[in-house]
2 protein chains.
Amino acid sequence: MKKKAPEPRPRTAGRPAGGAALSKQRIAEAALAHIDAFGLGAFSMREIAAQLGVYPATVHWHVSTREALLAEVAATVMAQVTPPKGTLAWQNWIAELFHRCRAAVRQHPNVAQLLGAQLVSNGSLPTELVEGVLAALTEAGFDGEPLREAYNCVIAAMLGFLTMEFSPLPADNTQAWAEELRERVHTIRPLDHPVLTRHLPQLANQAFILRWDNGTTVPLDSSFERHIQITIDGLEAFARRLKPAQ
Amino acid sequence: MKKKAPEPRPRTAGRPAGGAALSKQRIAEAALAHIDAFGLGAFSMREIAAQLGVYPATVHWHVSTREALLAEVAATVMAQVTPPKGTLAWQNWIAELFHRCRAAVRQHPNVAQLLGAQLVSNGSLPTELVEGVLAALTEAGFDGEPLREAYNCVIAAMLGFLTMEFSPLPADNTQAWAEELRERVHTIRPLDHPVLTRHLPQLANQAFILRWDNGTTVPLDSSFERHIQITIDGLEAFARRLKPAQ
DNA sequence: ACCTGAACACCGTTCAAGT
DNA sequence: ACCTGAACACCGTTCAAGT
């Protein structure tokens, strides 16, 4: 885990000759690369600084705070997920958004927990995404308070699922914990939990609460597809309730 | 933030007279109380140790690891959420589960991020919850792979929403960040984001990505209710697709 | 403006030693 | 079995000082 600075840079204080060597951008890229490689648990300001061959204080000059940097990283990952407007029916636009969002998270799974579980990172998602979802839902017939409700349900369905699918394993003794949970799952008492016992082969390590690997190793593809369908079907039912006079 | 140990205990090494002074249970309770009061960001093994008037190593003798303790805390919060079996139709049972789960999280909002965003904590949820959801979905007509898909959708819908609703604010300069986001939200360019601009009064600080307070200050009650309805409507549509021969 | 070098006040975890 | 006391190898952030 310990790495030397890649290049033995000048290492004298003072403003460098050819403009700034660092930038918020470059730092965020380095942080993302490090998180992709070693996970969010191994991320630290000092590690990123070492990676870039500078002192920790230098990183702080550019990004102010650890949380701000992580928000920047999350924004980078989610920058390109919004589908273009105006080419798809609202149902298909939303489905496409879900797909592109999951593709982005699958490329950077260790960032997933930031998206749903940190207000800062969540708040740095692209405005186009918000606009697009609202446009789709308006097309579906929502307005006012129902529009807000439908919007919140769409965002929660999408980011909530992904946050859970790629939620990280314990940092250290991963296999010990995995073995323990596998044991626990397979020794469930049939009399107390008959339904669970009956369907255990279908569920073990492939269902929430009952798994010891996350989406990186065992992706929940078909469940995510189903989640999209259920969400859209539910939204259509909601829209129908709003205009019973057909 | 600094507190003395409540009682100046003997402070000599060795096995105490009347059995163990500490236990995994007592430690988890203390941790939960501390997290409720000061947030997950202020949680540390050393703080809990100080709170209990013992050395950090003493805590480690009982709980092995920081993550394990947090999983224990999550389990404590979620211990009582499962509704009794056999009294409700499956739709109502699931709705009741959602309600009770949200009530539990609202009592301990700072624990929310553990539920969805940490595989360890997620894995320590009660088995009765799993059994109950599966029983409800079986009653709805699901089996085999569709059962697994429906199950994952239910859990993701429930915990995903709550994880997001109560996701924590930045640790330190909260109000500076809030002011900045509020500014950003209210200076959205109308020509680029017309739909968002039009509905901003309905959305600002009450919709994901557009808020600077979390569910503790600004709960998303009606959106959660709608989320339940959408999920159940979507599940019913899914069930209908499975038996087109009525 | 941009960076060094060092310091401050923390962490989680381990380990020998006590009783 | 249960706890002390101290240590190890880390953290994020701040700050004076350089150029």
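Protein chains get the first letters and strands the later ones, always in sequence-line order, with residue 1 at the start of each. Since the structure is predicted, the reported quantities are computational estimates derived from the model, not experimental observations.
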Is it true that a side-chain atom of A/His227 and a backbone atom of A/Ala157 form a donor plus acceptor pair closer than 3.5 Å?
yes

So what does A/Thr58 touch, heavy atoms closer than 4.0 Å: a base, only the sugar-phosphate, or nothing?
base

Rounded to whole Å, please give me the gap between OH in B/Tyr55 and C1' in C/dT14.
16 Å

side-chain N/O B/Ser44 vs C/dC10 OP1/OP2, d < 4.0 Å:
no

Duplex segments of DNA chain C, taken as runs of at least three Watson-Crick or G-U pairs that stay under 3.5 Å:
C:4-8 with D:12-16, C:12-16 with D:4-8

Assuming nearest nucleotide by heavy-atom distance, tell me which of B/His60 and A/Ser23 is located more 5' along DNA chain C.
A/Ser23

Output the rounded distance in Å from CG (A/Leu69) to P (D/dC11).
15 Å

Indicate, with a heavy-atom threshold strictly under 4.0 Å, whether A/Arg66 touches base, sugar-phosphate, or nothing.
sugar-phosphate

Return the value, rounded to whole Å, for the distance between atom CD of B/Glu47 and atom P of D/dC11.
21 Å

Give a yes or no answer on whether the side chain of B/Asn152 reaches the backbone of A/Gln206 with a donor-acceptor pair at less than 3.5 Å.
yes

Side-chain N or O of B/His62 less than 4.0 angstrom from OP1 or OP2 on D/dC3?
yes

Take the protein atom CG of A/Leu52 and the nucleotide atom P of C/dT4, then report the distance between them rounded to whole Å.
11 Å

